[in-house]
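A short worksheet on the structure shown next.
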Number of protein chains: 2
Amino acid sequence: MPPEAAMTAKKNSQDTLHEVEDRFIENWGDISALWGVNRSMGRIHALLFLAPDPLSMEEVATRLQISHGNVSTSVRDLLAWGVIKRVHQSGERKILYEAEQDPWTWFHTCIRERRRREVEPVRENLHEVKDFARQAAKEHKDSAEGRKLAITQAKVENFTKYVDEFADLIDAFLSMGSGTIGKFFRLAAKFVPKRKDLARK
Amino acid sequence: MPPEAAMTAKKNSQDTLHEVEDRFIENWGDISALWGVNRSMGRIHALLFLAPDPLSMEEVATRLQISHGNVSTSVRDLLAWGVIKRVHQSGERKILYEAEQDPWTWFHTCIRERRRREVEPVRENLHEVKDFARQAAKEHKDSAEGRKLAITQAKVENFTKYVDEFADLIDAFLSMGSGTIGKFFRLAAKFVPKRKDLARK
DNA sequence: CAGTAGTGTCAGTCTTTACTGACATTACCG
DNA sequence: CGGTAATGTCAGTAAAGACTGACACTACTG
């Protein structure tokens with residue numbers, strides 16, 4: 001009478017593995033959607049991250065129940081972002097894919113790409129607006145409406161400066177190696193004041 | 001013959017102000033959309049940020065050419081995020097709204113809210129998956145499939161730990177006052193290695 | 001305390017984005 | 001250098017998300 005063996009309807013380990021994967025994958029899909037990245041990309045990335053071996057597109061499509069067209073498109077994007085890579089195997093037509101395993105490395109990659117694709121264009125745009133505002137304020141500085149213009153110009157300028165500083169912070173973050181990040185955390189902690197109301201747990 | 005007055009079809013300063021505002025507002029709307037926040041919220045926030053005086057909902061709706069229903073909903077959300085606030089004026093039914101003027105303050109607020117609303121639930125979820133995976137790996141550790149389960153469990157655990165660390169970094173960032181941020185930037189710069197390929201300009 | 005300006009809500013509609021699946025293309029195989 | 005398995009493309013469709021506007025509610029005002 002071993003109590004272990006008598007456990008109530010114990011699922012087999014394969015189903016359990018499947019469930020662990022699913023929960024992780026869906027969670028990751030949710031985060032992606034939340035932050036403006038499409039859900040399929042997030043799910044595929046999560047699956048490849050968990051998979052012990054590289055997977056083919058067909059395997060991905062079957063596992064996640066999505067069309068191969070969707071997989072093809074999403075995989076192209078993930079490759080462009082640099083968070084997954086191709087694995088060719090000799091004497092085989094099929095291409096396999098695997099995800100970067102170190103979370104820091106791919107997180108770093110995502111931030112860098114996002115900065116390049118999204119932050120930078122927006123920042124350029126903002127600088128144009130700033131320059132336009134400055135020029136306009138100069139031209140109209142004598143009229144009554146010009147005063148308002150000057151106020152707005154100052155705000156735009158202040159804001160732009162702030163965005164630039166933030167971009168610098170991102171750069172500082174990106175410049176750290178995954179070894180440095182630990183040191184950085186410890187250093188950042190020194191700037192945390194006594195109050196504990198932001199504590200995690 | 002003053003050359004100033006002869007300038008080619010110089011726009012009046014009110015139109016110019018309008019254009020500066022528009023360009024800033026649309027830019028901000030774009031960023032918002034890009035990062036998974038709806039465009040109306042971003043545009044309204046930008047308008048209130050630039051406005052020299054608080055505005056009513058009707059003024060916002062007219063200025064941005066959107067329905068008052070949309071304004072009402074977006075303003076509710078902006079209030080919940082804490083980036084704008086009501087301004088009551090005595091003997092007046094109408095409620096006016098104004099935006100926080102310090103970029104650091106509202107950026108700080110956005111990060112804090114986003115952490116609370118989005119990062120935290122996701123992190124809790126992840127911890128559940130982690131615990132489930134750990135338990136499952138323990139139960140099945142003797143089977144062949146159990147080995148795969150153990151590998152997956154380790155990945156989930158590693159990943160969770162990383163997300164926790166990142167949440168800590170956010171906390172460190174949030175704990176800084178807008179005075180401290182400057183010091184922080186300078187400190188962060190020390191971690192930037194020699195290579196300049198990430199330089200901004 | 002009736003009248004009404006101002007605000008809130010939400011069902012329906014419009015807009016945007018994501019996904020599917022049929023067809024086109026590629027590249028390895030014998 | 002055909003044959004074909006695998007991948008790529010993209011028009012059409014489905015799903016998600018945002019916006020409008022009619023109606024409901026609220027609270028000031030006279």
Legend entry - Selection: residues 45-54 of chain A, any non-hydrogen atom under 4.0 Å of DNA chain D: none
Legend entry - DNA chain D-proximal residues of residues 61-78 of chain A, any heavy atom under 4.0 Å: His68(A), Gly69(A), Ser72(A), Arg76(A)
Taking [X] for its side chain and [Y] for its backbone only, find out whether a donor-acceptor pair lies under 3.5 Å.
X	Y	value
Thr73(A)	Gly69(A)	yes
Lys94(B)	Met57(B)	no
Ser32(A)	Trp28(A)	yes
Gln101(B)	Phe49(B)	yes
Lys155(B)	Ala51(A)	yes

Inset, instruction - Look at Arg43(A) together with Asp22(A) and state whether they make a salt bridge at an N to O cut-off of under 4.0 Å. - result: no
Legend entry - Atom CZ of Arg39(A): over 12 foreign heavy atoms under 6.0 Å: yes
Inset, instruction - Flag yes if more than 12 heavy atoms outside Glu58(B) fall under 6.0 Å of its CD atom; otherwise flag no. - result: no
Inset, instruction - Could you check how far CD of Glu59(B) sits from C1' of dA5(C), rounded to whole Å? - result: 15 Å
Legend entry - Rounded interatomic separation in angstrom, taking CG from Leu96(B) and P from dA5(C): 17 Å
Check: protein-nucleotides 27-30 of chain C nitrogen or oxygen pairs below 3.5 Å:
{"from": "dC28(C)", "atom 1": "O2", "to": "Arg93(A)", "atom 2": "NH2", "distance (Å)": "3.1"}
{"from": "dC29(C)", "atom 1": "O4'", "to": "Arg93(A)", "atom 2": "NH2", "distance (Å)": "3.4"}

Quick one, [X] and [Y] - any side-chain contact, counting heavy atoms below 4.5 Å?
X	Y	result
His18(B)	Arg63(B)	yes
Asp102(B)	His108(B)	no
Tyr97(A)	Leu79(A)	yes

Inset, instruction - Just jot down the side chain to side chain contact (heavy atoms under 4.5 Å, CB included) partners of Arg114(A), sequence neighbours excluded, or say none. - result: Trp35(A), Val37(A), Trp81(A), Glu118(A), Trp35(B)
Inset, instruction - Check every nucleotide of DNA chain D for an atom under 4.0 Å from a heavy-atom of chain A, then give the first and the last such nucleotide from 5' to 3'. - result: dG3(D) to dT9(D)
Inset, instruction - Answer with base, sugar-phosphate or nothing: what part of the nucleic acid does Ser40(A) contact at a heavy-atom distance below 4.0 Å? - result: sugar-phosphate
Inset, instruction - By nearest nucleotide on DNA chain D, pick out whichever of Tyr97(A) and Gly36(B) is the more 5' one. - result: Tyr97(A)
Legend entry - Sequence-distant partners of Arg117(B), salt bridge (Lys or Arg N to Asp or Glu O under 4.0 Å), two or more places apart: Glu113(B)
